[in-house]
Amino acid sequence: MRLHQELEARLRSAVAAVLPDAPLAGVAVRPCPDTRFGDYQTNSLMALAKERKMNPRQLATDVLAKLEVAEWCEGVEIAGAGFLNFRLKPSAICHALLDPLRGGPLFFSLAAVPRTVVVDFSSPNVAKPMHIGHIRSTALGDALSRVFRLLGHRVITDNHIGDWGTQFGLLLIGWKSHLDSAALERDPIGEMERLYKKVNADSEADPQVRENARQELVKLQAGDPENLAIWRRMIELSQVQFDTIYHRLGVTFDHTLGESFYNPRLKAVVQELTEKGIAQESRGAICVFSDGALPPKEDPFLIQKDGEWQPNPALIQKGDGAANYATTDLATLAYRWEVWKPDEVIYVTDGRQQLHFRQLFAIWRRWHPGLADRMRVAHVWFGSILGEDGKPFKTRSGETVKLGEVLTEAESRAFEVVTQKSPEISEAERREVARVVGTGAVKYADLSPNRQSDYVFSWEKMLSLQGNTAPYLQYAFARIRSIFRKSGVGIHSLPATFTLTHADELSLAKHLLTFGITLEAVAAEYRPNYLCSYLYELAGHFARFYESCPVLKSEGVERESRLVLCELTSRVLKQGLSLLGIEVLEQM
RNA sequence: GCAUCCGUAGCUCAACUGGAUAGAGCUUCUGACUUCGGAUCAGAAGGUUACAGGUUCAAAUCCUGUCGGAUGCACCA
């Protein structure tokens, strides 16, 4: 058991002794927000006292009298309105470092009840370049998947690519009448994008083109061999692009089941929902309306217009008989339940789709009322990336910014920096450093803000390589590795017992202990930015320790103890960054 | 119009979901044994958390209203 869990268990016993009927689930021990108060605290007693109309300080006094934590704490103080503050003994801190040092879990514990979690993220579109917007879903989804996995859950990642839909009508016309084979060979995505734009512009000028596109789409949907072959080719070419980008980002998927995979299942979904009375015909389309189960304000199928609540239905079949994305998403959810029986399905998409997912989840619950408690569904949404002008991030000419180009630019800027800072490293190594630093910087810039806020894209900030950035963390790691290279000490020669006395040693060690609490918060709220903050603070603690506590110049137990701290810090940095999908370097 | 989200230091963002004196980075200024890697560290400056009420031991966080912004709202995904 980790230290704070021990404290929590003892606290619960003490509370139970004072208030035998009190609910203990909410009684928690957390790290203190300010170390002046102590190392850990509980504010649960104030909430308990409030419920029971008791004097909170009196309750704190009574609980404290029953609390047995002398083994780990120097003392426990009552403070403020009824906080209990715990201050750890250095010996307890040292002891808590031992198991991780010997190869045990790094300050976290595996989930008591492992869950099966499906994570749906990235989802780029066929025949289009992946753009800067895809970094958010991809980085977030990948990081969350890694955290869930580390905590012992069974994770299934699924890339729900956009490989079906009305855009293929236009693309097919373009392919058949305007294809430049040489350009396709050179730059398949660029050529497909050009075709789409050309035909799209044509169709706006000429209704006949639009009609032709519709017919090509109908032929594709009917299984016309030629159109099917072209469509498959477009997917193939797009997948090459996706794979290249994912390889650069170090992202992998267990499955890539795109929209088209669910085509054979769509009719049955519509039929079943209609038969069950959940969906009905309206204005030629088949729709799901409100069932009146929720108050109008919370009902995703109602909207207020002109002072009255009016239907805001979800369409599951268009007037022309084709299904749309709500249908596909319902079929997808049904498939996931049938095949994987997950405890949870997480969708990582931008915030504009909130209404869609509220409707989707509501339909799902009406369709499968018995599953609501067995399979949790969550929409993990994020804000937009903005340009310096506060508008959606675009190039000067108004184009979307391509993700591949962003990564290349990041690497080339990182290469300049490493060349300037470390000219003695060979060029090949500098290229490798630039790759790791550049892609790490892009990912970290995306993961460190709260996912729900829009953020402003800035090369300067992303690659400033100082402050709260990936390179700062990577640098901290490289400095530690440098110490071990110089010392010639391996981890196997590190001592079994050691002591920590200096304030900067202790605060670094105490911060290491809270790694797992952070990971649990990341998983509970789907927020990797908590991990970013944690790692940035860890690197800060290390930097202060590094300034004030010479490692190799010290001797005996002090030297060995400091080496232990270095080793554990480097492991947590590496582990933490790897959860964010960011690599580390021995030298940079 | 309605819904969702948001408004925090000059700028870019945090704040463990109701906890203690609201924290970082950038910028500006001052300092750190010719350095166990200075891509570092220490210090200073910068705030009525948009505004006005309310709830309570405690509010950036919850409630009400006002102002401002982003996004979404029937056959794109």
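Throughout, protein chains are lettered first and strands after them, A, B, ... in sequence-line order, and every chain is numbered starting at 1.
Open room surrounds CZ on A/R352; 12 or fewer heavy atoms of other groups in view lie less than 6.0 Å from it.
Ring centers of A/F545 and A/F542: under 6.0 Å apart, within the cut-off. Taking the six-membered ring wherever Trp is involved, the centroid distance between the rings of A/F393 and A/H131 does not fall below 6.0 Å.
B/A22 and B/C26 have their P atoms separated by 22 Å, with the value rounded to a whole Å. Straight-line distance between the P atoms of B/G19 and B/U61: roughly 11 Å, to the nearest whole Å. B/A9 and B/A15 have their P atoms separated by 15 Å, given to the nearest Å. B/G43 and B/C51: their C1' atoms are spaced 36 Å apart (whole Å). Straight-line distance between the C1' atoms of B/U28 and B/A45: roughly 8 Å, to the nearest whole Å. A distance of about 44 Å separates the P atoms of B/U30 and B/G18, rounded to the whole Å. Distance noted for atom P between B/G47 and B/G23: 14 Å (whole Å). The gap from the P atom of B/A20 to that of B/C73 amounts to 40 Å, rounded to the nearest Å.
No hydrogens or angles were tested; on distance alone, a donor-acceptor pair under 3.5 Å links the side chain of A/Q41 to the base of B/A20.
Applying the salt bridge (Lys or Arg N to Asp or Glu O under 4.0 Å) rule to pairs touching residues 44-58 of chain A yields A/D21-A/R52, sequence neighbours excluded. Sorted by first then second residue, the ring pair (Phe, Tyr, Trp, His ring centres under 6.0 Å) pairs that include residues 283-331 of chain A, not counting sequence neighbours, are A/Y325-A/H356. Sorted by first then second residue, the side-chain hydrogen bond (donor to acceptor under 3.5 Å, both in side chains) pairs that include residues 543-556 of chain A, not counting sequence neighbours, are A/D504-A/S548. Here salt bridge (Lys or Arg N to Asp or Glu O under 4.0 Å) pairs that include residues 25-41 of chain A, with residues two or more places apart or in two chains, are A/D34-A/R36, A/D39-A/K510.
By the 5.5 angstrom centroid cut-off and the 30-degree plane limit, A/Y536 is classified as not stacked against the base of B/A24. Evaluation of A/Y472 against the base of B/A39 yields no stacking contact (centre distance < 5.5 Å, interplanar angle < 30° required).
Mapping A/S422 and A/F83 onto RNA chain B via the closest heavy atom, the residue that lands nearer the 5' end is A/F83. Where A/G80 and A/A478 each meet RNA chain B at their nearest nucleotide, the meeting point lying more 5' is that of A/G80.
A/P300 comes within 4.0 angstrom of no nucleic acid atom, judged by non-hydrogen atoms across all strands. At the heavy-atom level, A/A314 lies nowhere under 4.0 Å from the strands shown. Nucleic acid contact for A/Q354: sugar-phosphate only, since backbone atoms but no base atoms lie under 4.0 Å from a heavy atom of the residue. Nucleic acid contact class of A/C549 (heavy atoms, under 4.0 Å, all strands): base. When heavy atoms are screened at a 4.0 angstrom cut-off, A/Q310 is found touching no nucleic acid atom at all. As judged by a 4.0 angstrom heavy-atom cut-off over every strand, A/N85 is placed among the base-contacting residues.
With sequence neighbours excluded, no residue satisfies salt bridge (charged side-chain N to carboxylate O under 4.0 Å, His left out) with A/D320. Every salt bridge (charged side-chain N to carboxylate O under 4.0 Å, His left out) that A/E211 has, sequence neighbours left out, goes to A/R214. With sequence neighbours excluded, the residues forming a salt bridge (charged side-chain N to carboxylate O under 4.0 Å, His left out) with A/E520 are A/R2, listed by chain and number. Residues satisfying the salt bridge (charged side-chain N to carboxylate O under 4.0 Å, His left out) test with A/R562, not counting sequence neighbours, are A/E505, A/E558.
The interatomic distance linking A/I480 (CD1) with B/A39 (P) rounds to 16 Å, in whole Å. Rounded to whole angstrom, the span from the CG atom of A/L45 across to the C1' atom of B/G19 amounts to 13 Å. A/Q304 has its CD atom 12 Å from the P atom of B/U4, to the nearest Å. The CZ-P distance, from A/F542 to B/G37, rounds to 10 Å in whole Å. The distance from atom CZ of A/F545 to atom C1' of B/U40 is 15 Å, rounded to the nearest whole Å. For the pair A/H541 NE2 and B/A42 C1', the computed distance is 16 Å after rounding to whole Å. Between the OH atom of A/Y530 and the P atom of B/G23 there is a distance of 18 Å, given to the nearest Å. Whole-Å rounding puts the A/L473 CG to B/U40 C1' distance at 14 Å.
Both key distances under 3.5 Å define a Watson-Crick or G-U pair, and stretches of 3 or more such consecutive pairs in RNA chain B run B:1-7 with B:67-73, B:10-13 with B:23-26, B:28-32 with B:40-44, B:50-54 with B:62-66.
Between A/Y534 and A/H511, the two ring planes are parallel [angle under 30°; tilted spans 30° to 60°].
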Next item on the list: Could you run through nucleotides 55-62 of chain B and give me one letter per nucleotide, 5' to 3': B if any protein heavy atom sits under 4.0 Å from the base, S if only the sugar-phosphate is that close, - if neither?
Entry: -SB-----
Check: When every nucleotide of nucleotides 70-77 of chain B is labelled 5' to 3' by its protein contacts under 4.0 Å (heavy atoms), B for base, S for sugar-phosphate only, - for none, what sequence of letters results?
Finding: SSSBBBSB
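With 3.5 Å as the limit, one finds a donor-acceptor pair spanning the side chains of A/R527 and A/N450. There is no side-chain donor-acceptor pair under 3.5 Å between A/D329 and A/T332. Looking only at atom types and distance, the side chain of A/Y347 has no donor-acceptor partner in the side chain of A/Q353 under 3.5 Å away.
The listed nucleotides are B/A14, B/A3, B/A39; the one nearest the side chain of A/S453 is B/A14. Of the candidates B/G38, B/U40, B/C13, the closest approach to any side-chain atom of A/Y546 belongs to B/G38. Distances were taken from every side-chain heavy atom of A/V418 (C-beta onward) to each of B/C36, B/C2, B/A39; the shortest belongs to B/A39.
Within residues 520-529 of chain A, the residues approached by RNA chain B to less than 4.0 Å at the level of any non-hydrogen atom are A/E525, A/R527, A/N529, in residue-number order.
The shortest distance between the side-chain N/O atoms of A/K486 and the OP1/OP2 oxygens of B/C36 is not below 4.0 Å.
Here the closest non-hydrogen pair linking A/T42 and A/A28 is OG1-O, 2.8 Å.
Using modelled atom types, no side-chain atom of A/S137 and backbone atom of A/F121 make a donor-acceptor pair closer than 3.5 Å.
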